[in-house]
Amino acid sequence: MLKIKSGKSCCSTFTLFVFILFYFYYPIFLNCQENVVLLGQSYNTTTTTYIYILQNVIQGTIPTEIGLLSVLKYFTIWNSAVQGTIPTEIGCLSALTLLNLYNNQLNG
């Protein structure tokens with residue numbers, strides 16, 4: 001083990017540097033996609049457990065980023081003007097127990 005003049009080892013200095021790097025900067029990289037915008041509303045990817053959009057005049061498509069909502073359990077867009085293809089990323093929602101896309105202009 002190499003020693004520097006202050007009596008501290010290079011390994012402990014390097015370990016401290018790595019700890020500081022990961023403690024302060026790793027969360028920035030980890031949470032780079034913290035929110036998903038769905039039909040004009042922002043949803044947190046780690047805390048959103050339900051989305052209910054009922055009888056609304058909201059228009060648009062379901063974005064593929066919906067697959068990032070890791071704890072989503074209930075997803076309902078009922079009787080709205082949502083259109084386009086149902087993204088396959090919905091299949092990545094392992095916590096999803098209810099999917100209701102009734103009376104929209106969706107396909108897929």
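All of these numbers come straight from a predicted model, not from anything done at the bench.
Side-chain contact check for L69 versus F75: every heavy-atom pair is 4.5 Å or farther apart. Residues L72 and Y43 form no side-chain contact, since every pair of their non-hydrogen atoms from C-beta on lies 4.5 Å or further apart. Residues T48 and V36 form no side-chain contact, since every pair of their non-hydrogen atoms from C-beta on lies 4.5 Å or further apart. For the pair L99/L93, no side-chain contact is recorded, criterion being any heavy-atom separation below 4.5 Å from C-beta on. Considering only heavy atoms from C-beta on, V82 stays 4.5 Å or farther from I53 through its side chain.
For the atom pair OG1 (T85) and CG (N107), the distance works out to 4.0 Å, reported to the nearest 0.5 Å. Rounding to the nearest 0.5 Å gives a distance of 7.5 Å between CD1 of I77 and CD1 of I51. To the nearest 0.5 Å, atom CG of residue L96 and atom CG of residue L98 are 7.0 Å apart.
The neighbour count for Y50 OH, taken as heavy atoms of other residues, nucleotides or ligands under 6.0 Å away, does not exceed 12.
Here the closest non-hydrogen pair linking G108 and I86 is O-CD1, 4.1 Å. In terms of heavy atoms, V71 sits closest to T46 at CG2-O, 3.4 Å. Considering all non-hydrogen atoms of both residues, A81 and N104 come closest at N-OD1, 3.7 Å. Here the closest non-hydrogen pair linking T61 and Q83 is CG2-O, 3.3 Å. In terms of heavy-atom proximity, P87 sits nearest to P63 at CG-O, 3.8 Å. Here the closest non-hydrogen pair linking G67 and C92 is O-CB, 4.4 Å.
The stretch residues 66-80 participates, sequence neighbours left out, in these side chain to side chain donor-acceptor pair (under 3.5 Å) pairs: N79-N103.
By the criterion of side-chain heavy atoms lying less than 4.5 angstrom apart, applied directly or through intervening Ile, Leu, Val, Met, Phe, Trp or Tyr residues, Y102 is grouped together with L54 in one hydrophobic cluster.
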